[in-house]
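Structure first, then comments.
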Amino acid sequence: MKNIPNNSQVARLLKNVAAAYEVTGENQFRIAAYDRAAVAIEHATSEAKDLWDDGKLTEIPGVGPNIASHLDELFRTGKVKHFERVMKGLPLAMFVLLDVPGIGAKTAYKLCRKLKITDAQKAVSQLELAAKQGKIAVIEGFGEKSQHDILDGIKALKQGKTKENRMVLPYATAIAEEILAYLKECPGVLRTDPLGSLRRKVATIGDIDIAVATSEPAELIDWFIKFPKTQKVVEKGPTGATISLRNGRQVDLRVQKPDLYGAMLQYFTGSKHHNIKLRSLALKKGLSLSEYGIKRVTSNKSRVISYKTEEEFYQALGMDWIPPELREDTGEIEAALRQAQGKPDGLPQLVKLSDIKGDLHLHSNFPIEESHDSGVNTILEMATAAISLGYEYLGLTEHNPSQSQHSHQQIKNLIMAKKEAIDQFNSSRTHNLPVKLFNGLEIDIKTDGTLAIPEDCLDLLDYGIASIHSGFGLNRERMTARVLKGLAHSKIKIFGHPTGRKLGQREGYELDWDKVFAFCQKYHKWLEINAWPDRLDLPDILVREAVKRGVKMVINSDAHTKEDLIMMTWGVTVAQRGWAQKADIANTLACGKIENILKGGDI
DNA sequence: GCCGTTTTCGGCCCGACTGTTTTCAGTCG
């Protein structure tokens with residue numbers, strides 16, 4: 001059986017072709033085209049193989065007829081003759097060295113040639129040895145410093161600096177907020193903002209980047225490096241500084257005068273692709289963008305016009321301000337332009353935390369003898385916390401009682417007991433709390449697609465959340481069948497943490513999303529956006545897809561303590577990055593409407 | 001090689017940094 005390359009393997013192949021072209025001196029735009037296509041495929045929501053099956057490869061932006069035909073050959077035969085010709089005569093080892101930070105195509109090629117590195121398996125260790133023996137510094141174009149930098153790069157590569165080291169968003173935000181509060185105490189500070197992925201609220205963050213507008217840059221930078229948790233000052237210059245904290249995290253500061261702050265904020269917020277699209281668009285209007293502002297390209301001497309705010313910057317380009325969460329070049333620029341021209345399909349009115357009227361996935365400590373971990377607080381404590389958040393309703397969704405430990409009747413009794421407790425709460429005159437409780441349950445979908453609870457117990461519930469907690473290894477086809485079977489029961493309203501991913505720990509299982517979306521749309525099931533910080537699941541790109549297809553979602557905290565309820569906010573940021581509006585999110589509905597839907601009525 | 005509400009041909013993002021250099025090439029974000 002032939003190996004079907006997945007998206008990251010296809011992307012890698014295209015990157016290697018780009019690198020090969022760079023060495024052979026190919027046209028720079030062709031090189032850039034391969035790089036763009038590689039990145040697009042790496043970030044695509046569907047597997048390239050599936051798009052190929054449907055003849056839709058060129059729907060990936062950056063993939064045109066040429067690359068599509070090469071990939072066609074790849075999927076049919078497992079190889080691409082044209083690519084083999086391009087890479088012929090180049091050492092395979094050079095493509096491995098591209099993983100070393102600081103080494104690009106030309107450097108990798110030169111090192112392989114001069115040091116006679118041919119074995120791809122041992123390329124990195126051979127390079128390391130050569131550097132330690134001083135054999136790199138003597139090569140023309142290299143020196144002591146670059147030899148040392150290569151060793152640093154190899155070290156970083158070995159530590160897996162790229163991925164495992166990323167922080168989840170709430171953790172990075174907490175660090176940033178502490179530093180921002182500290183910086184605001186410095187005299188002369190007018191404004192502070194996070195930058196980069198942190199400001200765009202990406203699910204995982206590499207470095208923490210921060211911007212400050214101040215009339216006194218030098219004082220601010222001195223203030224910054226004295227931040228109490230600083231372990232080491234990595235770098236300090238006139239426009240910024242980098243420190244590393246005692247927790248090992250790196251923080252970059254950029255300082256700018258108030259008059260230039262808007263352009264800088266825009267530039268360093270990114271994303272890279274958003275900025276590239278913006279610049280190429282501006283260029284068509286004869287404008288050149290940079291971190292300092294906008295200038296006309298027609299005359300050499302034209303001065304740069306600066307911008308105090310991002311709003312003015314975007315306005316100067318003929319569009320409305322774009323929320324940072326949307327800046328990924330996935331259509332937000334076009335939408336902003338349409339909006340500025342008064343046309344339909346402008347920027348979305350993103351759902352807000354204050355739109356959320358209830359939480360439908362959380363765990364109390366009610367003794368239901370669950371299959372997985374239970375919550376720590378009582379139903380009453382959870383309800384009281386919900387009221388302080390302004391919620392109208394709450395869905396208690398403990399895990400189902402473990403099947404192996406209980407008889408059918410025991411399970412029924414446990415669920416009956418919880419139902420009675422909730423009914424009593426709802427009708428109680430004693431506490432009279434203005435919040436409605438729903439009797440829910442989080443139910444495992446077993447590997448054969450059946451639910452881990454007897455059928456007649458489902459009737460006791462207001463609704464069920466079906467989730468996967470085991471058997472992650474099924475292939476895509478079986479997993480999809482399993483999920484759809486699990487969701488089929490009329491009492492199951494929500495598909496919980498749908499991809500099963502744990503950030504920094506594991507990838508999700510494989511699903512045929514086309515089928516899942518179609519099913520949920522047809523049978524009015526809600527996809528959960530689980531707000532738990534290391535889940536954030538659905539991921540933003542699938543939220544976007546759900547929005548496009550009219551599939552409703554629900555944002556839930558998955559709280560196990562009363563304090564956890566505020567995690568909701570992270571789910572909202574994911575929804576925002578997926579372009580979700582209030583109408584896309586079920587728990588923005590008032591209590592009466594939710595109740596009606598759960599009873600099986602239309603809204 | 002890709003792409004199109006100023007183009008199906010003629011364009012294609014910008015600047016900083018770094019190291020090794022006498023004026024620049026490579027890498028990065």
Side-chain angles (χ1 to χ4, degrees), chain A residues 14-15 17-23 25-41 57-71 82-83 86 97-111 136-150 152-153 156 161-162 195-197 200 206-207 209 235 237-240 242 252 254 263-264 266-295 297 304 317-319 329 333-334 337-338 340-341 343 345:
Chain A
L14 294 175
K15 275 183 191 168
V17 174
Y21 272 146
E22 211 162 312
V23 173
E26 180 57 72
N27 171 312
Q28 56 164 317
F29 298 112
R30 180 173 292 174
I31 298 168
Y34 272 90
D35 265 327
R36 266 200 311 276
V39 172
I41 287 177
L57 267 181
T58 52
E59 285 186 8
I60 302 173
V63 176
N66 223 308
I67 290 179
S69 82
H70 291 319
L71 294 185
H82 174 69
F83 292 173
V86 173
L97 296 188
L98 294 176
D99 287 336
V100 181
I103 295 185
K106 294 187 176 179
T107 306
Y109 175 74
K110 198 167 169 185
L111 287 169
I136 292 178
V138 296
I139 301 172
E140 192 186 349
F142 292 85
E144 286 292 338
K145 183 67 170 71
S146 42
Q147 178 169 276
H148 187 259
D149 288 347
I150 285 171
D152 280 350
K161 198 179 173 185
T162 40
L195 292 170
S197 51
R200 300 198 312 280
D207 288 336
D209 298 315
E235 216 177 290
T239 60
T242 301
D252 286 349
R254 294 186 182 272
M264 179 190 73
Q266 194 287 322
Y267 180 86
F268 287 107
T269 296
S271 68
K272 184 181 172 184
H273 294 288
H274 174 85
N275 284 355
I276 287 174
K277 171 67 75 65
L278 212 56
R279 278 186 222 124
S280 64
L281 200 83
L283 210 57
K284 288 172 186 163
K285 298 181 182 180
L287 303 171
S288 172
L289 311 183
S290 77
E291 64 178 282
Y292 304 110
I294 303 178
K295 67 178 177 190
V297 283
V304 178
L317 298 172
M319 64 186 79
D329 186 25
I333 292 171
E334 293 81 354
L337 284 170
R338 284 193 298 271
Q341 293 160 2
K343 294 180 184 170
D345 288 328

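Basis for what follows: all heavy atoms, side chains included, without hydrogens, waters or symmetry-related copies. So that the names make sense, note that chain A is the first sequence line, chain B the second, and so on, each numbered from 1.
For A/K106 and B/dG26, the shortest distance from a side-chain N or O to OP1 or OP2 is below 4.0 Å. Distances shorter than 4.0 Å separate some side-chain N or O of A/S288 from OP1 or OP2 on B/dC14. The phosphate of B/dA16 (OP1 or OP2) has no side-chain N or O of A/Y267 nearer than 4.0 angstrom.
The residue A/I103 sits close only to the backbone: its heavy atoms come under 4.0 Å of sugar-phosphate atoms, none of a base. No contact: A/A32 has no heavy atom under 4.0 Å from any strand. Counting non-hydrogen atoms under 4.0 angstrom, A/E22 reaches the backbone sugars and phosphates but no base. Across all strands shown, A/N275 has no heavy atoms under 4.0 Å from either base or sugar-phosphate atoms. Backbone-only engagement by A/I67 is indicated by non-hydrogen atom pairs under 4.0 Å involving sugar-phosphate atoms exclusively. Within the nucleic acid shown, A/I31 has no heavy atom closer than 4.0 Å to any nucleic acid atom.
Distance check on atom C1': B/dG11 versus B/dT6 gives 13 Å, rounded to whole Å. Nucleotides B/dC9 and B/dG15 have their P atoms positioned 31 Å apart, rounded to a whole Å. Spacing between B/dG19 and B/dC12 at atom C1', rounded to whole Å, works out to 29 Å. Nucleotides B/dC17 and B/dG10 place their P atoms 38 Å apart, quoted to the nearest Å. B/dT18 and B/dT23 have their P atoms separated by 22 Å, given to the nearest Å. With C1' as the reference atom, B/dG26 and B/dT20 are 11 Å apart, rounded to whole Å. B/dC2 and B/dT7: their C1' atoms are spaced 13 Å apart (whole Å). Spacing of C1' atoms, B/dC3 relative to B/dT8, comes out at 9 Å, to the nearest Å.
Nucleotide B/dC2 holds its C1' atom 14 Å from the CD atom of A/E26, rounded to whole Å. Counting to the nearest Å, the C1' atom of B/dA25 and the NZ atom of A/K110 are 9 Å from each other. Between the CG atom of A/D152 and the C1' atom of B/dC28 there is a distance of 16 Å, rounded to whole Å. Following rounding to the nearest Å, A/L98 (CG) and B/dG26 (P) show an atom-to-atom distance of 14 Å. In this structure, the CD1 atom of A/I276 is 12 Å from the C1' atom of B/dC28, given to the nearest Å. Going from atom CD of A/E140 over to atom P of B/dT21 covers 7 Å, rounded to whole Å. Between the CD1 atom of A/I294 and the C1' atom of B/dG15 there is a distance of 16 Å, given to the nearest Å. Distance CG (A/D35) to P (B/dC28): 11 Å, rounded to an integer number of Å.
The listed nucleotides are B/dA16, B/dG1, B/dT18; the one nearest the side chain of A/K145 is B/dT18. In the set B/dT27, B/dG19, B/dC2, B/dG19 carries the atom at the smallest distance from any side-chain atom of A/S146. Side-chain proximity of A/N66 to the nucleotides B/dG26, B/dG15, B/dG1 is greatest for B/dG1. Ranking B/dT27, B/dT18, B/dG15 by closeness to the A/Y292 side chain, first place goes to B/dG15.
Using a 30° and 60° split on the angle between ring planes, A/H82 and A/H70 fall in the parallel class, below 30°.
In plain terms, the two heavy atoms of A/L57 and A/A68 that are nearest each other are CD1-O, 3.9 Å. When every heavy atom of A/A340 is checked against every heavy atom of A/G318, the shortest pair comes out as CB-O, 3.4 Å.
For the pair A/E26/A/V86, no side-chain contact is recorded, criterion being any heavy-atom separation below 4.5 Å from C-beta on. Between A/R254 and A/D209 there is no side-chain heavy-atom pair separated by less than 4.5 Å. Looking at heavy atoms from C-beta onward, A/L317 lies in side-chain contact with A/L278 at the 4.5 angstrom threshold.
Counting only distance, with no hydrogens or angles, the side chain of A/R36 and the backbone of A/G62 share no donor-acceptor pair below 3.5 Å. A donor-acceptor contact shorter than 3.5 Å is absent between the side chain of A/K15 and the backbone of A/V39.
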Legend entry - Footprint string (nucleotides 3-12 of chain B, 5' to 3'): B base within contact, S backbone only, - free, heavy atoms under 4.0 Å: S--BB----B

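If you check B/dT8 for Watson-Crick or wobble pairing at under 3.5 angstrom, you find it has no partner at all.
Salt bridge A/K277/A/D329: present, at least one basic N to carboxylate O contact under 4.0 Å.
Both A/A68 and A/K272 lie near DNA chain B, and the one whose nearest nucleotide falls closer to the 5' end is A/A68. Of the two residues contacting DNA chain B, namely A/E144 and A/H82, the nearest-nucleotide position lying further toward the 5' end is that of A/H82.
Residue-to-nucleotide contacts include no donor-acceptor pair under 3.5 Å from the side chain of A/Y21 to the base of B/dG1.
Applying the 90° cutoff around 0 to the glycosidic angle, B/dT7 is assigned syn.
Residues forming a side-chain hydrogen bond (donor to acceptor under 3.5 Å, both in side chains) with A/D207 (at least two apart in sequence, or on another chain): none.
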